Amino acid sequence: MTAGLEGADLTVRFEGEDGPFTVFEGLDIHVDPGEFLTVMGPSGCGKTTVLNALAGLVPLERGTVRYDGEAVEPGSFSYGYVFQEPRLLDWRTVAENLAFALRGAGVPEPERRPRIEEWLERVGLGDEADSYPRELSGGMRQRVGVARALAVDPEVLFMDEPFSSLDDVTGRGLRRDLLDLWAETGKEVLFVTHDLREAVTLSDRVLFMGEDGAFFDGAEIPHGRPRDFDDPALGETERRLGERFFAELG
Amino acid sequence: MTGETGTARGGRSTALDRARRAAPRPLSVASVLAVLAAWQLLSLAFPPYRFPGLVRLAENVVVVLTGTGEFDPLVQYGVTLGRVAVGFLLSFALAAAWGFAMGVSPAAEDYLGVPLFTLLTVPSVVWAFLGVLWFGLTDHLVPVFVVVLVVFPYLAVNLWEGVEAVDGRLVEMARAFDATTVETWRHVYLPQLLPTLFATTRLGLAIAWKLSLIAEVFGAPTGVGVVVKYHFENFDTGLVIAWAVPVMLLMFGVEWLLRRAERRATRWRPAAAVGREVAPE
């Protein structure tokens, strides 16, 4: 009996052009309560599919998902999802985009408006409730995506390379804010990235996934919090892990 | 305060846009005038019963509309437009069910795809003859039958492609946030389908109107098709054209209204709305 989110023996196969294609087989993953876990790996290795399998967005051929020790259907626990692209409804205002998620989460009508205002305030978009997504910058749109995921008050937060399409300055600001929000809310975060620096900066622990869809290594990130992004010790950890990680990948 | 000025500015600019859009564009006016002039010139080379000039044509249109000819315009236009409307609505409903099913379900795509493409290849004249052979000379059945069987496959293909083009990543987002099917259709599918729905409506009305006349020529006792055929048999070129002109103008107006409605419904697209209108300044 372990608390937190656990996936055991996870197996996903897709129907490809030339027969079934195995993304990963017999994969085990475990996120401790309140832990920030990052899955790191090269493009196309299947790390996004790990999130989607746990979230119930792609069917599992085999495997079990447990939440706080109970076997559950994939995705039936409460989670928020921040995608690589903002994935907003461009034809709805920012507030309506959040309301869409809140209705899905079964939040009663009178509670929606205050919650939307609270979360937009917390991601620094207090004045943009009535704006349309296309009127916002890329960084602001991704902030809406983060607000939408957190507004449903999830137990688990899935994040799929959420900052990879942003410029360095914008990405840095969002990472800072994400760590602050995470520290306040204490959610489990399962984060996916191909950027080692980002993984080291944000996570409690990193799992390395190879081209074959298996975890071949993992490491605790021993640095205390709050972290200073420019701390040379983080750079040192990144270098040390990089040697291990990239040696394995070849 | 900023909110107020923002609204005022927004209001003024949309009013300006609207005025600019409502005013006829110089090139469009020029093209209409060029066609009319060419028509008039061509007509001088032929006897009026073969190719009537503009004045003669205008007189014929007046005869048609005032009901001073052999046929009552209210009855004939009424019956034809009624068939167009019923045929179009049935086609659209059938096409929506067919096309949406194909768009969301791969199994339905396999099952319904081949019949659809087969229907697309059947010539409309064949449907018209089959309609008469099967149902005889009926008041409305044959024209509506022909319109539906010819029009609905086009619309179904359009709608199917529209659904296929819906951004699957947004559908996945809706699933991740536990949106119900109704919510997903309302907020994810329909807004993305709006341009397709408008385009399909315009296409459907345009073909339904043309098909309806053809079907009437073959298999109906009344309607604009029958009247046109009658004037054709009397070599009355002017009246053949004159009977079509009012409906052409009506269709033109409907098309224009639909485009305006579409622009209004897709206001959220700042790139489309702002970029196109402002760029030429």
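Please read all numbers here as calculations on a predicted model, not as lab measurements. Quick note on labels: first sequence line is chain A, next is B, and so on, each numbered from 1.
In this structure, A:D127 places its CG atom where only 12 or fewer heavy-atom neighbours from other residues, nucleotides or ligands lie under 6.0 Å away. Atom CG of B:L257 has more than 12 heavy atoms from other residues, nucleotides or ligands within 6.0 Å. Within a 6.0 Å radius of OH in B:Y111, no more than 12 heavy atoms belonging to other residues, nucleotides or ligands are found. Summarising the local packing, OH of B:Y154 is surrounded by 12 or fewer heavy atoms from other residues, nucleotides or ligands at distances under 6.0 Å. Counting heavy-atom neighbours within 6.0 Å of A:R62 CZ, excluding the residue itself, gives a total above 12. A:E184 CD: more than 12 foreign heavy atoms inside a 6.0 Å radius.
Of the two parts of A:A101, the backbone and the side chain both hold a non-hydrogen atom closer than 4.5 Å to a non-hydrogen atom of chain B. Interface remark: A:N52 contributes side-chain atoms only to the contact with chain B (heavy atom separation under 4.5 Å).
Applying side-chain contact (heavy atoms from CB on, under 4.5 Å) to B:M173 and the options A:N97, A:L57, A:L89, A:L88 leaves one that passes, A:L89.
Listed by chain and residue number, A:F77, A:F158 satisfy the ring pair (Phe, Tyr, Trp, His ring centres under 6.0 Å) test with A:Y79 (two or more places apart in sequence, or in another chain).
The candidate from A:G104, A:P133, A:P154 with the greatest count of non-hydrogen atom pairs under 4.5 Å with chain B is A:G104. Interface remark: of the candidates B:A176, B:A174, B:A179, B:A176 forms the most heavy-atom pairs closer than 4.5 Å to chain A.
For the pair A:G56 and B:R175, the tightest heavy-atom approach, listed with the atom from each and the gap, is O-NH2, 3.1 Å. When every heavy atom of B:H187 is checked against every heavy atom of A:W91, the shortest pair comes out as O-NE1, 2.6 Å.
Rounded to the nearest 0.5 Å, atoms CD (A:E85) and CZ (B:R169) are 4.5 Å apart.
Residues B:F177 and A:R103 fail the side-chain proximity criterion, which asks for heavy atoms closer than 4.5 Å. Using a 4.5 Å heavy-atom threshold, the side chains of B:E172 and A:Y81 count as separate.
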